[in-house]
Amino acid sequence: MPLTTPTPSGSASTGTPSSEPVLEIRGLRVEYLTTPPVLACADIDLTVHRGEILGIAGESGSGKSTLITALTRLQRPPAATTAGELVYHRDGTATDLLTLDDRQMRRLRWTRIAVVLQSAMDALNPVMRLRAQFGDVLREHRPGIGRDEADERIAELLGMVGIPAGRARAYPHELSGGMRQRASIALALACEPELVIMDEPTTAVDVIMQRRIMGQILRLRRRIGFAVVIVTHDLSLLLETADRIAVMYAGRIVETAEAATLYHRPRHPYTRGLKASFPPLHAPVEVLHGIPGSPPDLTRLPEGCAFHPRCPHVFDRCRTERPELEHAVACHLDDTTRESR
Ligand code: SF4
């Protein structure tokens, strides 16, 4: 349902991030409604701008995939969004996605907001040739599209992700893992969405294929101008591809920054640990240091800062008081440094 009537037209067609929002996540809270309920994501505030690549990083269990299923309204019980707004901007109107019924939301998915899931096989029907699957999606959203026009469009879509048009006759199992993943990306782009939401889109493929896929996503973004929200545990991949990054831990955002800022000056100890855990894509591999310990069980979060049992800089206040996200970082250490400046 339209909320307001803001926003001038943006620069999406150039693929350059604009200051115009396409999706605003306001105070989002997701809970598993078990007994007792478990807080999976809390106080999530993020804005995705047209043409921007926003990365969301964190280990498994950080809440990033839960956030993605909430954004796309693909969550299943017991998970439920219990507070907040997902304000989607289009043609000068703003709509809270949480107020749409299932039919309205289904229509928006694919046409405007596309989703690429972790496993390409989830998106592709194993018993249908690619041509039939792409044809179904194109016909659903452009009823009346002729066979020749659909074939041309399918060849174009596959070509965009480096798959020869002849492979349209293949079944998914006849393609390599990397090709399946690229085909699922092409399928997501079939209706020229404004926002593409990707959950670990490159985990199932090797590092070289990861770079190829991400390179293709960047080229397509420049050409088509969609915004991307991409979730991955691999911070180094985001540092090289995203415009902005939000780092999540224990269901909360602990730091947000431009990718270049996060690369040169990560402020949160967890961000620094995550950065040191992955080899950089374009620099010599130095010694990697994993973060000691493991992410907390959401049903039994530590008091104070949820990262404190693993933090090399922990001090007394961290054990009792949870740091709020202030000035784009949630860490008492940052408060102390700021106060002493
Ligand atoms: Fe470490 Fe304390 Fe900062 Fe948490 S608040 S990250 S424990 S220094």
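We count ligands from 1, going down the list as the structure has it; atoms in each ligand are counted the same way.
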Novice: Kindly say whether G58 contributes a backbone atom to a donor-acceptor pair with the side chain of K64 at under 3.5 angstrom?
Specialist: yes
Novice: May I ask you to say whether R50 pairs ionically with E52, meaning some side-chain N is under 4.0 Å from a carboxylate O?
Specialist: no
Novice: Got a sec, which hydrophobics cluster with V38, joining ILVMFWY side chains under 4.5 Å apart, including via others?
Specialist: Y32, L298, L301
Novice: Salt bridge check, E192 against R153: does any charged N sit closer than 4.0 Å to a carboxylate O?
Specialist: yes
Novice: Which atoms form the tightest heavy-atom contact between A328 and R267, and what is the distance?
Specialist: CB-NH1, 4.3 Å
Novice: Work out how many protein N, O or S atoms lie closer to atom 4 (Fe) of ligand 1 than 2.8 Å.
Specialist: 1
Novice: Are side-chain heavy atoms of T82 and V30 found at a separation under 4.5 Å?
Specialist: no
